[in-house]
Trainee: 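After the structure tokens below, expect a handful of questions from me.
Side-chain atoms are counted along with the backbone in the values below, which use heavy atoms only and exclude waters and symmetry mates.
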Amino acid sequence: MNFRTAICLSGAMLLAGPAAAQFGPPQGPFAAAAFTYTGGELCQSVSRVSAESPLGRPAGIALSAAASAARMDYCANGYFPGTLYKDDLRLTARRGPDSATVTLTSASDEPFHSPSETDLGINLSRELSEPGARGVWTLGVNYATRRAFLRSMPMPYLGYRYSYDGLSFMLPFMVRWQFAEKLAFSASWQPVKYYKLGLNWKPSETFRADLEGGTGLDQFLPAGRPDKSEALYLQTSSVALKPAVRLSPAAELGAELGWRFKGMYYMGSRYDEYRERRRFSGGASAGLSFKYSFR
């Protein structure tokens, strides 16, 4: 096991999985749509729809479901596909301190074409702290068939989150600090080198603006790749200003204006195996979004 993989494993073992890695309670039912265009050598247009809703409480178990679908069209650039999709389904069950989440995700030119283009994820967790405690320890195990490293291996983790008087954080690293009445700072880290920083301004209940930047990695599983153990990786860095206006208690309209810096894509059986690496220049980005919450 190399140094990067060791760091990534230790970070993932500490990560509380998708259900536990969010600050605050789950959102109520909502539906959202967004469109974003990004220029540059690998220009990109993304159309996305998503929805989430509770399903009731049979036998005292709180069930919720979420789904999202995205279509991504790219300019011709080397061997990168012209069109990719990312579909995601999630079912979560909670009872007291225990929670279980099952996800089915496919990021491919042919979603759910076969198990080789599908990522099945399972996350089981239990909160060890007393209800209402400011600091909460979470013990769990995560499994994913198409993880970017150590795939198909159950991975235990121990996480901790704390929230008090404007400060919220979660280990290994996610933090939000309300350092002024209308200003907050947020940061998150994904092992080994991917991160996101944000400055959040909310001068009123009807308007907010977020300045976000960072470096991220997307994994795709094209159906026609010769080696099914490999994936297509897209690494990009960007910064964007995202204002949003609340049109009513239920409806919100958002916009995005930013810049994507130089990036690269490559093939590999792991996130750090840079086979057939291609670099590309960046460009400006702009987008619109709409969200409606059912109350």
Side-chain angles (χ1 to χ4, degrees), residues 7-8 11-12 14-28 30 32 34 36 38 46 48 50 52 66 68 70 88 90 92 101 123 125 127 129 133-138 140 142 157-218 235-246 252-261 263 285-291 293:
I7 296 177
C8 204
L14 286 170
L15 279 173
Q22 303 173 11
F23 294 131
Q27 297 186 70
F30 72 87
T36 306
T38 305
V46 179
R48 185 187 308 274
S50 58
E52 183 171 333
S68 65
D88 182 89
R90 184 173 78 246
T92 300
T101 301
N123 191 82
S125 66
E127 293 185 352
S129 306
R134 294 174 183 171
V136 178
W137 288 97
T138 302
N142 179 268
Y157 63 81
L158 179 65
Y160 179 77
R161 71 176 186 269
Y162 178 88
S163 182
Y164 178 68
D165 197 22
L167 176 65
S168 300
F169 68 85
M170 183 171 185
L171 299 177
F173 195 69
M174 180 183 289
V175 64
R176 178 179 172 82
W177 176 32
Q178 189 79 36
F179 62 89
E181 182 181 356
K182 300 175 182 179
L183 283 172
F185 169 78
S186 60
S188 62
W189 171 66
Q190 178 187 354
V192 170
K193 57 182 179 179
Y194 307 108
Y195 66 94
K196 185 176 181 180
L197 303 175
L199 185 63
N200 318 112
W201 179 48
K202 189 175 181 180
S204 70
E205 291 300 318
T206 58
F207 178 80
R208 62 181 174 83
D210 301 330
L211 180 63
E212 298 178 349
T215 298
L217 185 73
D218 290 312
Q235 179 180 305
T236 56
S237 298
S238 62
V239 62
L241 177 64
K242 299 180 179 181
V245 178
R246 187 169 292 280
E252 182 179 272
L253 179 66
E256 177 179 335
L257 185 63
W259 187 270
R260 184 174 69 180
F261 303 100
S285 64
L288 287 172
S289 63
F290 179 78
K291 179 178 179 180
S293 301

Trainee: Out of curiosity, S289 OG to R48 CZ, how far, rounded to the nearest 0.5 Å?
Mentor: 11.0 Å
Trainee: I'd like to know whether CZ of R246 has more than 12 heavy-atom contacts from other residues, nucleotides or ligands below 6.0 angstrom.
Mentor: yes
Trainee: Residues in side chain to side chain contact (heavy atoms under 4.5 Å, CB included) with R260, at least two apart?
Mentor: T38, L42, Q44, T236, S238, F280
Trainee: Between E256 and S285, is any pair of side-chain heavy atoms under 4.5 Å apart?
Mentor: yes
Trainee: side-chain contact (heavy atoms from CB on, under 4.5 Å) for E52 and R90? Distances and angles first, verdict last.
Mentor: CA-CA 9 Å; E52 183 171 333; R90 184 173 78 246; 3.5 Å; yes
Trainee: Could you state the interatomic distance from CZ (F290) to CG (L253), rounded to the nearest 0.5 Å?
Mentor: 7.5 Å
Trainee: Using every non-hydrogen atom in the two residues, find where L241 and P243 come nearest and quote the distance to one decimal.
Mentor: O-CD, 3.5 Å
Trainee: For T215, enumerate each residue passing the side chain to side chain contact (heavy atoms under 4.5 Å, CB included) test, keeping only those at least two apart in sequence or located in another chain.
Mentor: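 Scan of T215 (side chain to side chain contact (heavy atoms under 4.5 Å, CB included), adjacent residues dropped) gives Y194, Y195, Q235, S237.
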Trainee: If the condition is ring-ring contact (aromatic ring centres under 6.0 Å, His included), which residues does F179 pass it with, not counting sequence neighbours?
Mentor: W177
Trainee: Can you find a pair of side-chain heavy atoms, one from K182 and one from K202, that are under 4.5 Å apart?
Mentor: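 The answer is no, as the side chains (C-beta and beyond) never meet within the 4.5 Å cut-off.
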Trainee: Please name all residues satisfying salt bridge (charged side-chain N to carboxylate O under 4.0 Å, His left out) with D210, sequence neighbours left out, ordered by chain then number.
Mentor: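 Once residues adjacent in sequence are excluded, the partners of D210 under the salt bridge (charged side-chain N to carboxylate O under 4.0 Å, His left out) criterion are R208.
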Trainee: Does the side chain of V239 reach to within under 4.5 Å of the side chain of F261, using non-hydrogen atoms?
Mentor: yes
Trainee: For the backbone of G135 and the side chain of S129, can you confirm whether one donor and one acceptor N or O come within less than 3.5 Å of each other?
Mentor: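 A pair under 3.5 Å: yes.
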Trainee: Run the side chain to side chain contact (heavy atoms under 4.5 Å, CB included) test against A286 and tell me which residues pass, sequence neighbours left out.
Mentor: L257
Trainee: Measure the CG-OG distance between L197 and S188 for me, rounded to the nearest 0.5 Å.
Mentor: 7.5 Å
Trainee: Angle class for the W137/Y160 ring planes (parallel below 30°, perpendicular above 60°, tilted otherwise)?
Mentor: tilted
Trainee: Checking side-chain contact (heavy atoms from CB on, under 4.5 Å) for the pair L217/Q190: CA distance, chi angles, key distance, verdict?
Mentor: CA-CA 9 Å; L217 185 73; Q190 178 187 354; 5.7 Å; no
Trainee: Donor-acceptor pair, Q178 side chain versus A180 backbone, under 3.5 Å?
Mentor: yes
Trainee: Does the side chain of L167 reach to within under 4.5 Å of the side chain of V175, using non-hydrogen atoms?
Mentor: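 Touching, per the 4.5 Å side-chain cut-off.
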Trainee: Quick one: list whatever passes salt bridge (charged side-chain N to carboxylate O under 4.0 Å, His left out) with K196, sequence neighbours left out.
Mentor: E212
